[in-house]
There are 2 protein chains.
Amino acid sequence: MSEIDAARVFQALGDATRRDMVERLTETPMSVSALAAPYDMTLTAVGQHLAILEAAGLVTTEKQGRVRVCKADTRGLSVLQNWLLDRRPPLERMLDRLGDSLDES
Amino acid sequence: MSEIDAARVFQALGDATRRDMVERLTETPMSVSALAAPYDMTLTAVGQHLAILEAAGLVTTEKQGRVRVCKADTRGLSVLQNWLLDRRPPLERMLDRLGDSLDES
DNA sequence: GAAATAGTGAAGTTTAAACTTGACTATATG
DNA sequence: CATATAGTCAAGTTTAAACTTCACTATTTC
């Protein structure tokens with residue numbers, strides 16, 4: 001049910017505007033207009049970026065009246081974190097797994 | 001002299017072929033031809049992907065005779081890791097910093 | 001030293017991403 | 001209820017990324 005894959009997350013964060021949006025939203029939630037303010041592009045374009053971020057599990061939005069409030073979503077970030085853990089050098093991974101199995105015993 | 005920015009790393013990993021290349025190279029180093037084998041594209045295209053991965057600090061290559069040997073480079077990955085750490089929820093970050101300052105005392 | 005192997009370089013094509021325009025809907029405010 | 005605000009939708013344009021072709025160089029191997 002997760003639906004979130006590393007592909008989408010990386011693609012989403014590959015764009016400077018979207019990365020900046022995520023950075024700002026991890027500081028504080030805000031409306032689409034507030035989010036759009038710093039960028040020299042139309043609201044439509046910002047809405048399109050937002051859709052990509054939502055699909056990647058990096059942002060959630062909720063409509064309150066005529067305002068859409070955007071918040072950072074940690075799910076996309078944790079997909080990233082897991083991908084990173086899997087790409088650590090094989091030796092480190094082996095030690096990790098050893099550690100895990102000791103923890104379980 | 002780091003030169004490696006999150007922008008390049010994310011953009012590099014936004015492409016499925018390049019992500020797969022990094023995944024394979026973290027398992028074992030190999031030549032450009034070996035790297036290219038699974039993909040339905042020309043050697044030239046693979047070389048272009050490789051150049052992007054090198055610029056992002058995700059791969060290093062070294063020419064040995066007529067063969068170019070490619071290895072995973074951890075620098076790009078650690079840029080990613082640091083970006084991720086900075087995007088954890090503000091509360092967690094505060095606790096982290098608190099932990100760090102206690103560690104130092 | 002001829003032929004095969006491994007890769008490189010410049011230049012063009014194709015495909016996909018980013019962005020715009022203009023018309024539209026829904027909610028709020030005087 | 002008229003006007004402004006906040007955002008959305010469909011469709012098209014522009015720009016940039018991915019990939020190709022073909023010609024070429026450097027290193028092996030026979």
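We name chains A, B, ... by the order of the sequence lines, and we start the count at 1 in each one. Excluded from the calculations below are hydrogen atoms, water molecules and symmetry mates; all remaining heavy atoms, backbone and side chain alike, are included. Values in this document were obtained by computation on a predicted structure and should not be read as measured data.
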Could you list the donor-acceptor pairs under 3.5 angstrom formed between side-chain atoms of residues 55-65 of chain A and any protein atom two or more places apart in sequence or on another chain?
| residue | atom | partner | partner atom | Å |
| --- | --- | --- | --- | --- |
| A:T61 | OG1 | A:E54 | OE1 | 3.4 |
| A:T61 | OG1 | A:E54 | OE2 | 3.2 |
| A:T61 | OG1 | A:R68 | NH1 | 2.8 |

Show me the pairs that pass salt bridge (Lys or Arg N to Asp or Glu O under 4.0 Å) and involve residues 6-16 of chain A, at least two apart or across chains. A:D5-A:R8

If the condition is side chain to side chain donor-acceptor pair (under 3.5 Å), which residues does A:R66 pass it with, not counting sequence neighbours? none

Side chain to side chain contact (heavy atoms under 4.5 Å, CB included) filter on A:A34, not counting sequence neighbours, yields A:M30, A:S31

Check: residues 79-87 of chain B side-chain donor-acceptor pairs under 3.5 Å, at least two apart:
| residue | atom | partner | partner atom | Å |
| --- | --- | --- | --- | --- |
| B:Q81 | OE1 | A:Q81 | NE2 | 3.3 |
| B:Q81 | NE2 | A:Q81 | OE1 | 3.3 |
| B:N82 | ND2 | B:S78 | O | 3.3 |
| B:W83 | NE1 | A:E23 | OE2 | 2.9 |

Enumerate the ring pair (Phe, Tyr, Trp, His ring centres under 6.0 Å) contacts for residues 13-47 of chain A, please, sequence neighbours excluded, ordered by first and then second residue. none

Near DNA chain D, which residues from residues 35-42 of chain A have a heavy atom under 4.0 Å away? none

Answer yes or no: is there a side-chain heavy-atom contact under 4.5 Å between A:M41 and A:T17? yes

DNA chain C nearest-nucleotide lookup for B:Q48 and B:R68: closer to the 5′ end is B:R68

By nearest atom, which of the nucleotides D:dC19, D:dT8, D:dA17 is closest to the A:L43 side chain? D:dT8

Taking the side chain as every heavy atom from C-beta outward, state whether B:K71 and B:L25 have any pair of such atoms under 4.5 Å apart. no

Taking only heavy atoms on the protein side, list every residue of residues 14-22 of chain A lying under 4.0 Å from any atom of DNA chain D, sorted numerically. none

Write down the distance between CZ (A:F10) and P (D:dA17), rounded to a whole number of angstrom. 18 Å

Inter-residue atom distance B:R75.CZ - B:I4.CD1, 0.5 Å rounding: 3.5 Å

Given a cutoff of under 4.5 Å between side-chain heavy atoms of I, L, V, M, F, W and Y, with clusters grown through shared members, what are the other residues clustered with A:I52? none

How do B:G47 and A:H49 order along DNA chain C: which one's closest nucleotide is nearer the 5' end? B:G47

Nucleotides 22-30 of chain C: protein proximity per nucleotide (B base, S sugar-phosphate only, - neither; heavy atom, under 4.0 Å): B----BS--

Which residues pass the side chain to side chain donor-acceptor pair (under 3.5 Å) test with A:R18, not counting sequence neighbours? A:H49

Distance check needed: D:dC9 P versus A:L50 CG, whole Å only. 12 Å

